[in-house]
Each structure stands twice: as C-alpha cells, then as structure tokens.
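Below, read A as the first sequence line, B as the second, and so on, with proteins coming before strands; counting in each chain starts at 1. Here the structure is a predicted model, which means the values were calculated and not measured.
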Amino acid sequence: MIMQNSEIAAQLSRLADLLEIEGANPFRVRAYRNASRTVANLPKPVIDLVAEKADLAELPGIGADLADKISTLANTGELILLKEIEQRTPALLSELLKIEGLGPKHVKVLYNQLGIHSLAELKRALGENKICQLKGFGKKTAQKIQTGLERFTARRRTKLYDAIQLARPLLAYLRTAPGVDKLEMAGSYRRKKETVGDLDILVTAPNGKLIVDHFIHYPEISKILMQGDTRCSVLLHSQLQVDLRVVPPISYGAALLYFTGSKAHTISLRRLALQKDLKINEYGVFHKEKRIAGASEAEIYELLGLTYIEPELRELRGEIKASRLKQLPRLVVQQDICGDLHSHTNATDGENSLEQMAKAAINKGYQYLAITDHSTSLKIARGLDTRRLLAQLEEIDTLNAQYGSQFTLLKAIEVDILIDGSLDLPNAILEKLDLRVCAIHSHFGLAHQKQTERIIRAMDNPYFNILAHPTGRLINKRQAYAIDLERILQAAKERGCFLELNAQPDRLDLTDIHCRLAKDIGVKLAISTDAHNANQLDYMQLGVYQARRGWLEAENVLNTYNLTELRKLLKRD
DNA sequence: GCCGTTTTCGGCCCGACTGTTTTCAGTCG
C-alpha cells in the first residue's frame, strides 16, 4: 500500500511518541520527530522522490536509517520497528500525549499502574478518583489532566484571520499596563502561519509582575492556566490560549527571536551558536558569562554570520543556509500589489455593486480590479449566462470611461470547469474578456488522476488564464480534493497559465509549501481576495502573508505587474 | 538516530513554572 506524506509523517510522529513513553534515548526520539516534520514539509510525494531515485538521506536530519524507513513506509505503509513497539506499548498511548499537561513519564505510569491506554479509560479513571492516588500525581495534577482532556476534545487551531481579530483589542488593553515598553506578537502569529495554536505576546518592561497583574484582569479571560513573575498563560472565552512573557528591554531581540520560533529554527540557531562557542537563550547571546548581544534580532543573526531572516521564513526549510549564502528572497510586500484579479458583485453572490467595488479598489490605490462573477452552472450563486455577462461588460465600459487611465475594471469571469474539463461558457463570449479565472465547484470527489486531467484539459482551452482556489480546501472544514499539483503546475507552465493564491481566510489556497513549489517550477501566482464585498478586498494582506511564507518575491506574483505588463502576461500564444 | 572547518565518537537548546517534594522531576514552549 502506497502511503501519502502526511500519513508517513503521522507514523513517524507516533513512533517518536511511543519510543518516548518507553523511555528511549531522547535524541533518538527527536530524530524521529524531526524526520516527521521534514516529510510533512516536502512539496512532493515521497513515493515520487523514491521513483526518481532521489537520495532521501540528503534531506536535513535524515540519515541512512531513516531514509530506509521512510521509503519503506512510502512503499508498503508498514514498518517492522513500529509493529514491534506496538506489541509492547499500545499505539493509542500516543493520543494521550496530545493532552496538555500529560507527558511521556506520566503516560507510562498511567499505563503501567492503571492499564490506561485510551482517552476513554483516562476519563473513567479520572471520574473514579484513581489518578490522584498514584505516587507523584496528587490532586492538582489530576485536575490539570482533567482540564487538558476537556480542552483536547474541543481543540482546534485558530485561523490566522480570527486570531488577528482576537489579538487587536487584547494588545490595545495591554498597551495600557504600567511600564510597558515594547509590545509584540510572537509565535506562529508573527510567522503568519495560516492557523495558530495560541497567541504569544512579548512585552518588555522593568517590572514583569506589574504587567502580569494587569494582564490577568483582561475581561475576555475565562481561566488563568499559569501565572509567574515573567510568564503567564490564560484561556480566553473564545477558548484561545494566550501566553504572555515579559523580559527586560536589553533582551528584547533575543526574546523575540526565541518566542517567534519556529522551535526547529531557534534550535538550529542555538546549535550554530554553540559551534562558535556562544550560548543563546531568551535573554541574550553569551560568550562564557558575558552578554555580547540580544537587544535586536538583527544583531543576533549578524553575530551568527547570517543576514536577517524574516519571521515568515523561520520554519527550517532552508532559510538558514540561504541566509548564510546571502540568497534569501526579497519577499513580496503589500505595497507591491497593483490590483486584485478575483472579485464578485451583486450580479451573482457578491454584496456590492460594480461601482462600489471599483471605488473600494481605487481607494486602495489599485490600478485594476477584475470583476469575476460566477458562470451559468453555479445556480446557487445566480451564475451569469451569456446575455447577463454581456450586459455587465457594457456597464464596465461605461464606468471605465469615467475612471480615465488611472484605474481600470477588468472584464472577467469565474468560469466553472465542468466535469469533462470543458468551460461553462462558450469561447465566443470568453474571448471578449480581459481574463478568465477558472474554478472547480462540483464533483470534488473525482479520483486523483481524473481530477488532475480534468483541470489540465480545461487549461487546453486557449482562454484559460488562472486556476482559482486550486485545491479547494477549506481550513478546518474540507480537505483538498485529490490532485497532482506538480503536474498541474507543469501543465500551467507549458501553456502560459497561472494559479491563484486565494486569500479568503478559510481558504488560503495554495498552502505555503505549494506556493514555493510553484515558484520553483516557475509559475507565477495571482494573489486574489475572491472578495464578495468591498471590505473583503482587505484579505489581500492575508494572501501576501501566505505568499511570503512560500518564499515568493514580487516578480513571482502576477498582480504586482502594472496593467500593460499584466495584459502581456495574460496573452497566450 | 544524526552529524562533523577541532570530532566517525560523543555530543545533541535552554529556561520558567508547577506540583509534590524536602531538593527535583515533569512539562512546556
């Protein structure tokens, strides 16, 4: 049985969990965890790499042994070592490790003393008061496990956009705490990851206790999880956890670096420091006992012989090496964006008129906005047929005549890709448009190869320009449909087509890894908001964040080009 | 289990907080 990368990563992670519970060498455990992360971050299926005879041992943190295990998993879906361990240690124990406050040592005791090897049994044991009687556990620990268990069942990562909405008022509140100097979001929020597990807030102030005391009175807090003089963790009513840390101003850079992560990135930096006989912690960089840096991130990177690495890149995906070689990308920024290539009006399922959408785009300083209402077959959105589309085109002409050369509404459509790969409107009308955004809105369940070929067949149509929301995934709601994205990117490159990076908060489709794959293959992406009202044009920022995580530079993004250049790029020969 | 501009063996990031302890192990980030 062939195994997908995500499944291979899950198996390796479970192996690490079970080894850890058994008390194996912690560095061996870490090796499996690192390998799991590396596989999960691969842009291509392992099985393809194996077929190409690529040497997996060249991947960072993967040696001969793990390379062999990974390719075995990819090919057979099974691993002898894992089977052996599971005979001694039930596989479900790795589930218990996911509960906050419950680590490998305690899981081992629970299993050995009480025979607990599932969440259900844990719950029962808690109810029967058995856990607090174990040696080394006590009442508080049992309570902590109870809370962790309750949170585990309700837990979900928070979408970045939602996290931003929750963070804003909290930051404004904290700003008023006594003695606050600098105040910054850290963690995956600062790295602009598409979802965040919690909020990490870094504050510099002379007296941490005063900040913590102020923090815990924030009205949205439902529970204080932990409280010290320099750290504090709470749960908001929204169930989002917030971790606050306070350090002295002189440690700002070191603390920001550390709390921003990712964990793998900071560990690599610390190892680099050790090679230079330096020690990095969240308070600074030290040579022996002497602090030699720490006030800014930039000076720490410089000390390590690195150029500054943007937070979005800190995922240990080659950024440290690229930094050393001075080959980091110059990441795209919001100011590079010249327009939006995917938007809707109240002609279909949007909320605002053509004119209102245009006005909002002009206010953002855009040169162009593509109006891409839905096509006929999307009945639920009152999709446009040829007649209604023609009427819209006339309306656009009238408006464009008013705007002059500073701004242009582009005549466009979000046309459905039908099940056979044909487009939902006749070429006779598609040819009258400035561009065509093509999308799948039906038959999500087609098999891998069929779905891929459906899209590539659509690209064969000379009026195909941009593949909208290419994988169809909805964060926390719907899996991506089964496609071979690398093949699709190759096909797009050969045909002069583009893919979209849809910036809707619950789409962010493509992922960061796929953005980077597109860049590597040489396909430009359109960062598009798919706005259904004028306010949603602001989602562009989310798309830019995601693009930056995918190492994209302005030249890799279709809508950073001015109107003349854009028209040239859209022309297919 | 990985890795090497001192190393193919002996290292592997580092500190805060908590609870159950009488000095520290476990967990987290």
Side-chain angles (χ1 to χ4, degrees), chain A residues 12 15-16 19-21 23-36 38 56-70 81 96-110 131-145 147-148 186-189 191 196-202 208-209 212 224-233 241-247 251 254-286 294 304-305 316 324:
Chain A
L12 291 171
L15 192 46
L19 283 169
E20 191 174 28
I21 291 166
N25 177 347
F27 300 104
R28 185 177 173 216
V29 173
R30 184 188 293 170
Y32 281 100
R33 293 242 159 82
N34 288 340
S36 169
T38 299
L56 297 177
E58 280 181 6
L59 293 167
I62 310 269
D65 181 276
L66 271 163
D68 185 51
K69 289 197 169 78
I70 290 167
L81 175 63
L96 297 185
L97 270 192
K98 297 196 175 83
I99 292 168
E100 226 178 304
L102 201 49
K105 299 289 197 293
H106 282 163
V107 167
K108 188 174 188 181
V109 174
L110 290 175
I131 290 187
C132 54
Q133 293 164 24
L134 290 170
K135 193 180 263 180
F137 274 69
K139 247 184 177 159
K140 290 261 178 93
T141 302
Q143 181 56 49
K144 200 172 179 184
I145 293 172
T147 308
S188 46
Y189 185 103
R191 303 200 311 277
V196 302
D198 57 24
L199 296 182
D200 293 295
I201 305 178
L202 178 67
K209 195 167 179 307
V212 170
I224 295 169
L225 300 171
M226 177 260 275
Q227 181 184 353
D229 287 350
T230 64
R231 293 185 166 199
C232 182
S233 292
Q241 182 171 328
V242 184
D243 297 335
L244 173 78
R245 305 125 202 276
V246 189
V247 298
S251 300
L256 188 58
L257 190 66
Y258 171 56
F259 296 131
T260 297
S262 66
K263 191 172 174 176
H265 178 88
T266 45
I267 286 178
S268 280
L269 293 183
R270 288 180 176 196
R271 287 170 61 170
L272 213 56
L274 282 177
Q275 289 171 16
K276 295 176 188 289
D277 200 26
L278 301 172
K279 186 180 79 167
I280 301 182
N281 59 27
E282 59 260 56
Y283 299 108
V285 183
F286 298 85
L304 296 174
L316 200 61
R324 195 172 56 234

Enquirer: Identify the heavy atoms of A:Ala16 and A:Tyr32 that sit nearest to each other, and give their distance.
Expert: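 Where A:Ala16 meets A:Tyr32 most closely, the heavy atoms are CB-CB, 3.8 Å.
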
Enquirer: Say you pick atom P in B:dT20 and the same atom in B:dC14; how far apart are they, in whole Å?
Expert: 30 Å

Enquirer: Starting from P on B:dT27, measure out to CG on A:Leu96 and report it in whole angstrom.
Expert: 12 Å

Enquirer: Distance check, C1' atoms only: B:dC12 and B:dC17, in whole angstrom units.
Expert: 25 Å

Enquirer: Using a strict 4.0 Å threshold on nitrogen-to-oxygen distance, state whether A:Arg33 and A:Glu20 make a salt bridge.
Expert: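 Looking at A:Arg33 and A:Glu20, the cut-off is met.
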
Enquirer: Can you check the A:Arg245 CZ to B:dA16 C1' distance for me, whole Å?
Expert: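 Those two atoms, CZ and C1', are 9 Å apart.
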
Enquirer: Quick one, A:Val247 and A:Tyr283 - any side-chain contact, counting heavy atoms below 4.5 Å?
Expert: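 A:Val247 reaches A:Tyr283 side chain to side chain.
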
Enquirer: Can you tell whether the side chains of A:Arg231 and A:Asp243 come within less than 4.0 Å, N to carboxylate O?
Expert: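 Judged by the 4.0 Å cut-off on N to carboxylate O distance, A:Arg231 and A:Asp243 do not form a salt bridge.
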
Enquirer: Hey, what are the protein-to-nucleotides 12-15 of chain B N/O distances that come in under 3.5 Å?
Expert:
unit_1, atom_1, unit_2, atom_2, d
B:dC13, OP1, A:Arg30, NH1, 2.4
B:dC13, OP1, A:Arg30, NH2, 2.8
B:dC13, OP2, A:Arg30, NH1, 3.0
B:dC13, O2, A:Arg270, NH1, 2.4
B:dC14, O4', A:Arg270, NH1, 2.7
B:dG15, OP1, A:Lys279, NZ, 3.0
B:dG15, OP1, A:Asn281, ND2, 3.3

Enquirer: Taking for each residue the nucleotide of DNA chain B bearing the nearest heavy atom, is the 5' side occupied by A:Gln241 or by A:Gly61?
Expert: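 Nearest-nucleotide comparison on DNA chain B picks A:Gly61.
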
Enquirer: Do the side chains of A:Ile70 and A:Thr38 get nearer than 4.5 Å, heavy atoms only?
Expert: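 Result no, sub-4.5 Å side-chain heavy-atom pair not found.
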
Enquirer: Would you mind pulling out the nucleotide paired to B:dT8, Watson-Crick or G-U wobble, both distances under 3.5 Å?
Expert: none

Enquirer: What's A:Lys69 touching, base or sugar-phosphate or nothing? Going by heavy atoms closer than 4.0 Å.
Expert: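 If one applies the 4.0 Å heavy-atom cut-off, A:Lys69 turns out to touch the sugar-phosphate alone, with no base involved.
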
Enquirer: Round to a whole Å and report the spacing from OH of A:Tyr32 to C1' of B:dC2.
Expert: 11 Å

Enquirer: Under 4.0 Å from any atom of DNA chain B, heavy atoms only: list the residues of residues 99-108 of chain A that qualify, in numerical order.
Expert: A:Ile99, A:Glu100, A:Gly101, A:Leu102, A:Gly103, A:Pro104, A:Lys105, A:His106

Enquirer: How close or far is atom P of B:dC28 from atom CG of A:Asp198, stated in whole angstroms?
Expert: 13 Å

Enquirer: Could you state the atom-to-atom distance from CG of A:Leu269 to P of B:dG29 in whole Å?
Expert: 20 Å

Enquirer: Rounded to whole Å, please give me the gap between CG in A:Asp277 and P in B:dG11.
Expert: 15 Å

Enquirer: Would you mind reading off the distance between A:Asp68 atom CG and B:dG1 atom P, rounded to a whole angstrom?
Expert: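 Checked: the CG to P distance equals 11 Å.
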
Enquirer: Look for any protein N or O under 3.5 Å of an N or O in nucleotides 18-22 of chain B and output each such pair with its distance, or none.
Expert:
unit_1, atom_1, unit_2, atom_2, d
B:dT18, OP1, A:Gln227, N, 2.9
B:dT18, OP1, A:Gln227, O, 3.0
B:dG19, O3', A:Thr141, OG1, 3.2
B:dT20, OP1, A:Phe137, O, 2.3
B:dT20, OP1, A:Gly138, N, 3.3
B:dT20, OP1, A:Gly138, O, 3.3
B:dT20, OP1, A:Lys139, N, 3.2
B:dT20, OP1, A:Lys140, N, 3.4
B:dT20, OP1, A:Thr141, N, 3.4
B:dT20, OP1, A:Thr141, OG1, 3.3

Enquirer: Expressed in angstrom and rounded to an integer, what is the separation of A:Asn34 atom CG from B:dC3 atom C1'?
Expert: 12 Å

Enquirer: What's the gap between B:dT18 and B:dC13 when it is taken at their P atoms, as a whole Å value?
Expert: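 One P to the other, the span is 26 Å.
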
Enquirer: Please state the C1' separation for the pair B:dC3 and B:dT8 - nearest whole angstrom.
Expert: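 Approximately 9 Å lies between the C1' atom of B:dC3 and that of B:dT8.
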
Enquirer: P atom, B:dT7 versus B:dG11: distance in rounded Å?
Expert: 15 Å

